[in-house]
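Only one structure is covered here, and it is reproduced in the block below.
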Amino acid sequence: APAFAAAATSSTLVVNGQVFAHARGQVSYRRGRLSLAPLLLQQKTGAFQLSGTVLLRDDPVVDLHITATQGELSTLLGLALVRSPIALRGTLDGEASAAGPVSNPRASVNIRLADGRIGDEPIQEAVVRADLANQTGTLETLRVVPETLTTVLDPHFTTSFTTRDFGYLVFDTLFAMNDRWEPQPQ
């Protein structure tokens with residue numbers, strides 16, 4: 001059976017479609033098991049450090065730990081082959097781990113997102129602590145800080161999402177139309 005162990009260094013590495021400017025670390029393969037001890041993948045301003053093993057078979061079995069330092073959210077999702085129906089962007093710091101068969105892994109995430117976007121909504125900061133086991137997720141912490149408040153509170157004079165949301169929450173609920181389409185306080 002083929003086996004190898006190497007100290008690897010690469011410029012411009014592509015993993016699951018994600019491009020890294022530089023990679024270095026220890027990589028070995030023996031009896032169908034790929035080991036990373038650790039592998040550092042660097043982008044322009046951030047990095048991901050991967051350590052653990054992948055047993056290569058029809059349903060791969062993983063035991064992986066990832067540490068993000070100013071890494072891009074879209075890159076982490078791409079590494080995990082996660083395709084989101086909405087755009088997710090931002091800078092990550094934190095850790096994620098997965099263990100077990102890829103078809104039903106146990107996983108945990110403890111991540112801080114900065115300068116992000118969820119769809120069209122700007123997110124100043126978010127913190128997520130969550131676990132996955134038996135295809136059931138448990139959310140321990142979800143704290144989201146939207147874009148900072150603006151001094152303009154009239155949604156007719158700005159395109160700020162915070163002002164728009166403020167307008168819906170405050171002004172939209174103050175008045176409603178009655179059965180004759182006349183504005184009435186609620």
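Note that the numbering runs from 1 along the sequence shown for the chain. Model, not experiment: these values are computed from the prediction.
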Rounded to the nearest 0.5 Å, what separates atom [atom1] in [X] from atom [atom2] in [Y]?
{"X": "T53", "Y": "R30", "atom1": "OG1", "atom2": "CZ", "result": "14.0 Å"}
{"X": "R24", "Y": "S10", "atom1": "CZ", "atom2": "OG", "result": "12.5 Å"}
{"X": "L113", "Y": "Q124", "atom1": "CG", "atom2": "CD", "result": "11.0 Å"}
{"X": "N110", "Y": "R112", "atom1": "CG", "atom2": "CZ", "result": "12.0 Å"}
{"X": "L64", "Y": "L36", "atom1": "CG", "atom2": "CG", "result": "6.5 Å"}
{"X": "E95", "Y": "R129", "atom1": "CD", "atom2": "CZ", "result": "11.0 Å"}

Smallest separation among heavy atoms of [X] and [Y], with atom names:
{"X": "A23", "Y": "L41", "answer": "CB-CD2, 3.7 Å"}
{"X": "L88", "Y": "S74", "answer": "O-CB, 4.0 Å"}
{"X": "Q18", "Y": "G78", "answer": "NE2-CA, 3.4 Å"}
{"X": "V27", "Y": "F4", "answer": "O-CE1, 3.9 Å"}
{"X": "M177", "Y": "P183", "answer": "SD-N, 3.7 Å"}
{"X": "G119", "Y": "R89", "answer": "O-NH2, 4.3 Å"}

Are [Y] and [X] connected in a single hydrophobic cluster, I mean Ile/Leu/Val/Met/Phe/Trp/Tyr linked by side-chain heavy atoms less than 4.5 Å apart?
{"X": "Y29", "Y": "V61", "answer": "no"}
{"X": "V127", "Y": "I118", "answer": "no"}
{"X": "V14", "Y": "F48", "answer": "no"}
{"X": "L81", "Y": "L34", "answer": "no"}
{"X": "L92", "Y": "L40", "answer": "no"}

Residue pair T91, E72: steps toward the side-chain contact (heavy atoms from CB on, under 4.5 Å) verdict: CA-CA 5 Å; T91 303; E72 290 295 322; 3.9 Å; yes
side-chain contact (heavy atoms from CB on, under 4.5 Å) assessment of V19 paired with Q43: CA-CA 8 Å; V19 179; Q43 296 176 300; over 6 Å; no
Only one of V15, T67, I66 clears side-chain contact (heavy atoms from CB on, under 4.5 Å) with L50; which?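 Only one of V15, T67, I66 forms a side-chain contact (heavy atoms from CB on, under 4.5 Å) with L50, namely I66.
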Under a 3.5 Å cutoff, is there a donor and acceptor pairing between the side chains of D93 and Q70?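 The answer is yes; a qualifying pair exists.
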Taking atom [atom1] of [X] as the centre, report whether more than 12 heavy atoms of other residues, nucleotides or ligands fall under 6.0 Å from it.
{"X": "R106", "atom1": "CZ", "result": "no"}
{"X": "D58", "atom1": "CG", "result": "no"}
{"X": "D59", "atom1": "CG", "result": "yes"}

Any heavy-atom pair between the side chains of R31 and L55 that's under 4.5 Å?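 Side-chain contact under 4.5 Å: no.
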Does any non-hydrogen side-chain atom of L132 lie less than 4.5 Å from one of V109?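 No; the side chains remain at least 4.5 Å from each other.
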For the pair L139 and V128, evaluate side-chain contact (heavy atoms from CB on, under 4.5 Å) and give the outcome as yes or no after the intermediate values. CA-CA 8 Å; L139 183 61; V128 177; 4.2 Å; yes
Side chain of N104, backbone of Q135: donor and acceptor closer than 3.5 Å?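 Yes; judged by distance alone, with no hydrogens or angles, the pair exists.
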